[in-house]
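Presented below is the structure to which this report refers.
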Amino acid sequence: MELLDQLKEKIKERLPELDVVIGWEQGFDPLHATPLFMRTEEDVDRLVFSPLCVHNLASHLTGLKGKKVGIVVKGCDSRSVVELLQEKLLVREDVTVFGLPCTGVVSLKKIKHALGGLDKVASAEFNGNELKVSAAGAARVLPLNEIAADKCGRCQYHNALLSDVFVGAPVEAAAEDNYADVEAFQAKSPQEQAAYWRDAMQRCLRCYACRNACPMCVCRDHCVAQSREPHWMTQQDTVQEKWFFQMIHALHLAGRCTECGECERACPVGIPLLLLKRKINKEIKELFDYQAGTKIDATPPLLSFKVEEENINERGW
Amino acid sequence: MSAAPGNELRIIGFLCNWCSYGGADTAGVGRMTQPTDLRIIRVPCSGRIDPLFVLKALVNGADGVLVSGCHPRDCHYAEGNFYARRRLEVLKRFLQVLGIDERRFEYTWVSASEGQRWQEVVQKFTERIHELGPAPKITPDQMAMAETMAAQPR
Ligand code: SF4
Ligand code: SF4
């Protein structure tokens, strides 16, 4: 708990100069954390940090433009802040970043699967790398690596890449990402893939939770999904409209998506949206050796070019 | 003349005004025979082409989409096609997980004087699309539409 105390202390130090600091607090049940907006010292006392703190709080930043905002970030969340700064969607002086080292967050879907449901959870506590839960009268111990979000298993940036205040000891490990999931999906035939997406998109409610959770989806009321001018989409509830919306989201995120996974986590019907974005990231990595959200002063690959492209064939046919 | 007579497919072409559209014109003025499956949409520059134009066409039932612009280093606006090249390449690879056959989309470069080359491009691409056949219909709506169209007298 040392880390949490240090963090609270640092936040309290900076609080007088800030309008609000965003962190996490205990949610409605022992397994859920929820975003916390701290304005007073008492608020700071409610702060928590554990692998249950799944939210990428950077999604709130552009909504608070013009205010002095503090934000607590894990490694992956910090990439969103970096990307927002790179795109000049935030003013550097207005954000104070409290960076943390992180060994992984949970996937509530996996916990749900392991427990057979998320109701009746009486207590949940992390002990090192194990989660002790008592649910429906029975106690269970779940190792973090079995219930961690997929993104954590391939995390290359456990420590916040950008921080004004870094709390705790940096995590040494860094995994490789070989995009095995994308490769596996790509190995299916176009027919199988089409059937898979048709099925998934039939479930889509068009709730836009995916878009709203995305820290890089900053258009708000101007999103093309709802605009009449340009009129990219109708309001019809057909598979191809919904499917086309996901293509829009993926392409509008090309070279910008930091793979925080919020879109997929937010989807109430469990559509693997991250796969689409990872496919594009995989290609961008291969073609332009670029990863979004790692450098503030990098040039986005799709807003630049080389006269001689090393990895694109000149298409002589 | 369609590659397979009486069995025309829907291919959408996005051509830049300065080179490829001119190239298609040159082919026409030279009376070169070409398949007629291609519907051309003229855009100011290949850099004007949002990859979503292509996806929207494919999602809504196009059997193939062809994009053509000025050769790299020959863009009327100096660098439009350099940006286009990056976007179109990413788009082409994106198709690999969308369940849309990658071969239904192609991008290439044809200049205004290359009537001959234009003819070859259209011929080759149209043949490829005919080999692939009509795009699989995605929704019951589209299937119904395809059936109605097929039932119409030609
Ligand atoms: S598209 Fe998904 S993974 Fe990418 S930045 Fe947005 S929420 Fe995160
Ligand atoms: S969150 Fe899921 S259900 Fe909602 S619009 Fe996005 S894909 Fe559809």
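Note on naming: letters A, B, ... go to the chains in the order of the sequence lines (proteins, then strands), and numbering restarts at 1 for each one.
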request  = Between chain B and each of A/Glu241, A/Glu308, A/Gln191, count heavy-atom pairs under 4.5 Å; write down the option with the most.
outcome  =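 Among the listed options, the one with the most contacts to chain B is A/Glu308.
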note = Of A/Phe288, A/Tyr196, A/Trp197, the largest count of non-hydrogen pairs under 4.5 angstrom with chain B goes to A/Phe288
Shortest non-hydrogen contact from [X] toward [Y]:
| X | Y | value |
| --- | --- | --- |
| A/Leu251 | B/Pro51 | CD1-CB, 4.0 Å |
| B/Lys56 | A/Trp232 | NZ-O, 2.6 Å |
| B/Phe94 | A/Ile280 | CD1-CG1, 3.5 Å |
| B/Phe82 | A/Lys306 | CD2-O, 4.3 Å |
| B/Tyr83 | A/Leu302 | CD2-O, 4.1 Å |

inquiry  = For the backbone of A/Val307 and the side chain of B/Arg85, can you confirm whether one donor and one acceptor N or O come within less than 3.5 Å of each other?
reply    =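 Yes: the side chain of B/Arg85 pairs with the backbone of A/Val307.
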key: Any donor-acceptor pair under 3.5 Å from A/Lys279 side chain to B/Gln96 backbone   =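 Not at all, since once roles are kept as given, no pair shorter than 3.5 Å links the two residues.
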key: B/Arg103 atom CZ: more than 12 heavy-atom contacts under 6.0 Å   = no
key: Gap between atom CH2 of A/Trp243 and atom CD1 of B/Ile100 - 0.5 Å precision   =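 Rounded to the nearest 0.5 Å, the CD1-CH2 separation comes out at 7.0 Å.
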ask   = Rounded to the nearest 0.5 Å, what separation is found between the CD atom of A/Gln240 and the CG atom of B/Asn60?
value =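 Separation between the atoms: 5.5 Å.
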ask   = Could you name the residues of residues 82-90 of chain A that have a heavy atom within less than 4.5 Å of a heavy atom in chain B?
value =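 Those residues of residues 82-90 of chain A which would need a heavy atom under 4.5 Å from chain B do not exist here.
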note = Turns out that what part of B/Leu98 lies under 4.5 Å from chain A's heavy atoms comes down to both
ask   = Which of these passes side chain to side chain contact (heavy atoms under 4.5 Å, CB included) with A/Glu283: B/Glu89, B/Arg93, B/Lys92?
value =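 When B/Glu89, B/Arg93, B/Lys92 are each tested with A/Glu283, the side chain to side chain contact (heavy atoms under 4.5 Å, CB included) holds only for B/Arg93.
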